[in-house]
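Below: the structure, in structure tokens.
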Amino acid sequence: SSHYWTWRPDQWHKNYPFAKGRHQSPIEINNKDVHYDSSLLPWFASYDPGAAKTILNNGKTCRVVFDDSFDRSVLRGGPLPGVYRLRQLHFHWGSSDDHGSEHVVNGVRYAGELHLLHWNPKYSNYLDAKRRTDGIAVLAIFLQVSRSMIKKKIFLFCFVFILKGKNAPFPNFDPSILFPKSHDYWTYHGSVTTPPCEECVTWIILREPIIVSSDQMAKLRSLSKNAENEPNHPLVDNWRPTQPRYFRMVSASFL
Ligand SMILES: N=Nc1ccc(S(N)(=O)=O)cc1
Ligand SMILES: [Zn+2]
């Protein structure tokens, strides 16, 4: 994007005034503030593996980009009024296994957080959708490190694209293989967690984390912020701290 920012979240508001808004993300999710909403519907993802296009390291995260030129891979149901098109997925992670997620659940920080970003096709394009309160839906899945050698979820690797700007074809990939067993979720209205921090996101956060191994997390940590000819800066801790919840309700699809 034309604007330049670095991972210093407390500085963002100087160039991006939304960052000090009343509906910012991520937030802490604490059971005492959560309201069970029996009217919440289950959500459904119908993804076409053929929509997956490329995987890249943009210096801020590892991102997989999908064809969103029509309703090819969509998320619907849950709190959403209609279908939302899958545009990209990316990750947030820490410098060690004990932190790295953006949302924090009852004081628990996970090693990372996977975000599947969808936009509302009632708007003409993604950038227009980002200007609308119902423009974006992010499905968030926590990454939990397990030391035991239980079967690890297969986990897409982007270590190949160590250096910023590296990208490669990433065909025939259906991200729903990453989903945990349970579809239980929390939902609230918030923002994108990187500048310009627009308050356009319906968050759908899965209660059940997916299990990854420590060496899979190490692969994410082996990515670099820098390009080939620049001094090496490891890409770690690309998560925004939790923001004030103010008067927002967090609803749960489960008791
Ligand atoms: N460039 N656009 C973005 C969209 C969503 C997010 S997030 N982390 O809120 O899913 C970040 C950046
Ligand atoms: Zn994200």
Side-chain angles (χ1 to χ4, degrees), residues 1-9 12 15-16 18-19 21 23-29 43 45 53-66 68 73 75 78-80 84-94 99-105 109-121 123 125-143 156 158 164-165 167 175 178 185-206 209-210 220 223 225 235-243 245 248:
S1 69
S2 56
H3 291 299
Y4 177 78
W5 54 272
T6 57
W7 276 104
R8 282 202 293 274
W12 290 350
N15 286 332
Y16 305 100
F18 293 146
H23 302 86
Q24 289 292 290
S25 294
I27 59 172
E28 280 195 51
I29 296 169
W43 55 271
K53 291 195 301 191
T54 50
I55 185 167
L56 70 107
N57 166 1
N58 65 3
K60 293 197 169 65
T61 183
C62 166
R63 180 184 282 178
V64 176
V65 175
F66 299 84
D68 62 351
S73 291
L75 181 69
L80 304 176
Y84 282 60
R85 280 185 202 168
L86 176 66
R87 178 178 176 84
Q88 52 111 321
L89 67 79
H90 62 270
F91 299 85
H92 302 267
W93 63 90
H99 70 283
S101 64
E102 297 210 298
H103 291 87
V104 178
V105 180
R109 292 180 180 287
Y110 288 95
E113 193 166 324
L114 161 60
H115 289 159
L116 294 110
L117 181 103
H118 309 74
W119 59 280
N120 191 334
Y123 299 117
N125 57 49
Y126 168 68
L127 286 180
D128 189 25
K130 271 185 104 179
R131 295 180 19 248
R132 318 290 175 147
T133 53
D134 62 347
I136 303 291
V138 179
L139 185 64
I141 308 175
F142 293 116
L143 308 182
L156 67 136
C158 31
K164 177 183 172 188
N167 63 43
L178 295 171
Y185 64 90
W186 294 282
T187 183
Y188 77 98
H189 188 264
S191 72
V192 292
T193 64
T194 58
C197 301
E198 301 95 332
E199 298 182 341
C200 59
V201 182
T202 300
W203 282 93
I204 300 173
I205 303 163
L206 300 195
I210 55 175
L220 279 175
L223 291 171
K225 278 182 187 163
L235 176 50
V236 292
D237 288 323
N238 56 357
W239 50 278
R240 187 188 193 186
T242 53
Q243 302 298 307
R245 182 166 56 88
R248 286 180 282 177

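Remember, it's 1-based here, ligands and their atoms both numbered in the order they're listed.
- In terms of heavy atoms, N238 sits closest to F91 at ND2-O, 3.6 Å.
- Of all non-hydrogen atoms in C62 and L223, the two that sit nearest each other are CB-CD1, 3.8 Å.
- The distance cut-off of 2.8 Å around the Zn ion (ligand 2) captures these protein N, O or S atoms, sorted by chain and number: H90 NE2, H92 NE2, H115 ND1.
- Contact between N120 and Y84 at its shortest, heavy atoms only, is ND2-OH, 3.3 Å.
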Extract all donor-acceptor atom pairs below 3.5 Å that involve side chains of residues 193-202 and protein atoms in other chains or at least two apart in sequence.
from: T193; atom 1: OG1; to: E102; atom 2: OE1; distance (Å): 2.7
from: T193; atom 1: OG1; to: E102; atom 2: OE2; distance (Å): 3.3
from: E199; atom 1: OE1; to: H23; atom 2: ND1; distance (Å): 3.4
from: E199; atom 1: OE2; to: R22; atom 2: N; distance (Å): 3.4
from: E199; atom 1: OE2; to: H23; atom 2: N; distance (Å): 3.0
from: E199; atom 1: OE2; to: Q24; atom 2: NE2; distance (Å): 2.9

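- Ring-centre distance between W12 and W5: below the 6.0 Å cut-off.
- Just one residue in the list H115, R240, E113 forms a side-chain hydrogen bond (donor to acceptor under 3.5 Å, both in side chains) with H92, and that residue is H115.
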Yes or no on ring-ring contact (aromatic ring centres under 6.0 Å, His included) for W203 and H103, after CA distance, side-chain angles and deciding distance?
CA-CA 11 Å; W203 282 93; H103 291 87; 4.8 Å; yes
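- In summary, the side chains of N15 and Y4 do not present any donor paired with an acceptor at a separation below 3.5 Å, with no hydrogens or angles considered.
- Shown here are the side-chain hydrogen bond (donor to acceptor under 3.5 Å, both in side chains) partners of D68, two or more places apart in sequence or in another chain: R87, W119.
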Ligand 1 N/O to protein N/O, distances under 3.5 Å:
from: ligand 1; atom 1: 2 (N); to: Y126; atom 2: OH; distance (Å): 3.2
from: ligand 1; atom 1: 8 (N); to: H90; atom 2: NE2; distance (Å): 3.2
from: ligand 1; atom 1: 8 (N); to: H92; atom 2: NE2; distance (Å): 3.2
from: ligand 1; atom 1: 8 (N); to: H115; atom 2: ND1; distance (Å): 3.4
from: ligand 1; atom 1: 8 (N); to: T193; atom 2: OG1; distance (Å): 2.7
from: ligand 1; atom 1: 9 (O); to: T193; atom 2: N; distance (Å): 2.9
from: ligand 1; atom 1: 10 (O); to: H90; atom 2: NE2; distance (Å): 3.4
from: ligand 1; atom 1: 10 (O); to: H115; atom 2: ND1; distance (Å): 3.4

